[in-house]
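The structure under discussion appears below in the form of structure tokens.
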Amino acid sequence: MRRRAGSATVALLALLTGCAGGPSLENQGEVTAPPGDSKHLVVGSAGFTESDLLAQMYLLLLKKAGYGAEILSVANRELYEPALESGQIDVVPEYAATFADWLNAKKNGADAPPVGSPDLATTMKALRSLATPRGLTVLDPGKAVDQNAFAVAASYAEQHQLKTLSDLGKSGLKVRLAAGDECVQRPYCAPGLKKVYGIDVTGVDPKGVGTTQAKKAVQDGQDQLVLTTSTDATLDDFGLVLLKDDKHLQNADYIVPVVNRSRAGSGRVAAALGRLNPVLTTEDLASMNEQVDSWRRLPQDVARAYLEDKGLL
């Protein structure tokens with residue numbers, strides 16, 4: 001994920017000094033207490049484009065529902081998750097499988113087997129079981145998902161009649177993959193492409209995940225496949241197209257709001273944020289990312305225009 005430091009990070013660091021890390025497992029009263037419904041809510045953003053856009057949409061939907069709301073931008077999960085537990089932040093946009101694995105590692109150690117999976121229901125069950133003892137409520141996911149994805153040159157796809165990763169595996173083509181160097185070992189990258197799809201990955205070109213250099217390498221024919229994300233807004237600029245993950249190799253990183261139960265666990269908050277669920281798609285999110293990253297529009301303007309266009313404001 002892209003990251004940039006938020007202006008409020010220093011202030012949040014001060015707030016976090018000495019604060020508790022959320023309710024302990026021994027103090028279930030805080031967890032089982034009635035959900036709170038504070039009149040003023042703080043929406044957290046992780047400080048990269050997509051998180052900024054989601055936070056702005058959450059802000060506008062909460063204000064529409066009658067809440068006072070503001071955004072606090074924090075550069076990484078190591079800071080904003082404890083702030084969410086302790087109530088300095090009330091709601092954040094998260095990614096289901098990634099957050100489940102993060103909470104699992106926090107509880108059980110960095111070497112704990114991952115609990116996120118390609119199955120959304122399984123992932124959500126694991127995520128909620130880890131979040132609830134920390135005083136967090138995970139709201140329902142919508143349709144939008146931002147997960148690892150693989151792209152090829154549009155001309156290459158047309159030449160070999162490729163629409164899915166299964167098509168690439170069946171083609172028998174040898175491909176060099178532009179990705180991060182960790183792709184060599186990660187089960188959802190090169191090993192998974194070989195095992196699940198039978199793709200003949202001859203090597204990994206360590207140019208990073210979705211970087212300009214990685215996409216340029218595929219555009220120029222140096223590599224044939226690039227690891228990026230499903231909401232990458234710049235694929236058209238490089239003449240690239242995504243191949244569908246038709247056997248669901250990737251984890252279910254659907255976008256979910258996570259709230260502090262004691263302050264924002266009410267049905268009113270869930271209903272306000274839930275209005276986005278049947279509307280926002282992966283393609284919509286990619287388009288909004290493009291408007292911010294390529295067209296240099298402000299996230300708040302893009303978010304407002306989108307919600308107004310969908311009749312949510």
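The figures that follow rest on heavy atoms only: side chains count, while hydrogens, waters and symmetry mates do not. For clarity, every value in this text was computed on a predicted model and none was experimentally measured.
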Side-chain donor-acceptor contact under 3.5 Å, [X] with [Y]:
X	Y	answer
Asp101	Tyr95	no
Asn289	Asp293	no
Tyr306	Asp284	yes

query = Can you check whether Leu165 reaches Val196 side chain to side chain, under 4.5 Å on heavy atoms?
reply = no
query = So with a 6.0 Å cut-off around CZ of Arg297, is the heavy-atom count from everything else above 12?
reply = yes
query = Is the count of non-hydrogen atoms from other residues, nucleotides or ligands lying under 6.0 Å from Glu158 atom CD greater than 12?
reply = no
key: Verdict with reasoning, Val256 to Met124, per side chain to side chain contact (heavy atoms under 4.5 Å, CB included)   = CA-CA 10 Å; Val256 291; Met124 288 296 295; 3.9 Å; yes
Only counting residues at least two apart or in another chain, list the ones meeting side-chain contact (heavy atoms from CB on, under 4.5 Å) with [X].
X	answer
Thr164	Ser166, Asp167, Lys244, Asp246
Thr122	Ser117, Asp119
Glu283	Thr281

key: Member of Gln291, Gln300, Met288 meeting the side-chain contact (heavy atoms from CB on, under 4.5 Å) criterion with Leu53   = Met288
request  = Could you list all the ring-ring contact (aromatic ring centres under 6.0 Å, His included) pairs where at least one residue sits in residues 138-179, not counting sequence neighbours?
outcome  = Tyr156-His160
request  = Scan for ring-ring contact (aromatic ring centres under 6.0 Å, His included) pairs involving residues 223-258, sequence neighbours excluded, and state none if there are none.
outcome  = none
task = Report the C-alpha distance between Arg128 and Asp140 in whole Å, list the side-chain angles of each, state the deciding distance to 0.1 Å, and finish with yes or no for salt bridge (Lys or Arg N to Asp or Glu O under 4.0 Å).
result = CA-CA 10 Å; Arg128 284 171 166 153; Asp140 290 339; 2.9 Å; yes
ask   = Does one hydrophobic cluster hold both Tyr188 and Phe99, with members joined at side-chain heavy-atom distances below 4.5 Å?
value = no
ask   = In Å and rounded to the nearest 0.5 Å, what is the CG to OG1 distance from Leu235 to Thr229?
value = 8.0 Å
note = Applied to residues 148-212, the disulfide bond (SG atoms under 2.5 Å apart) test, sequence neighbours excluded, yields Cys183-Cys189
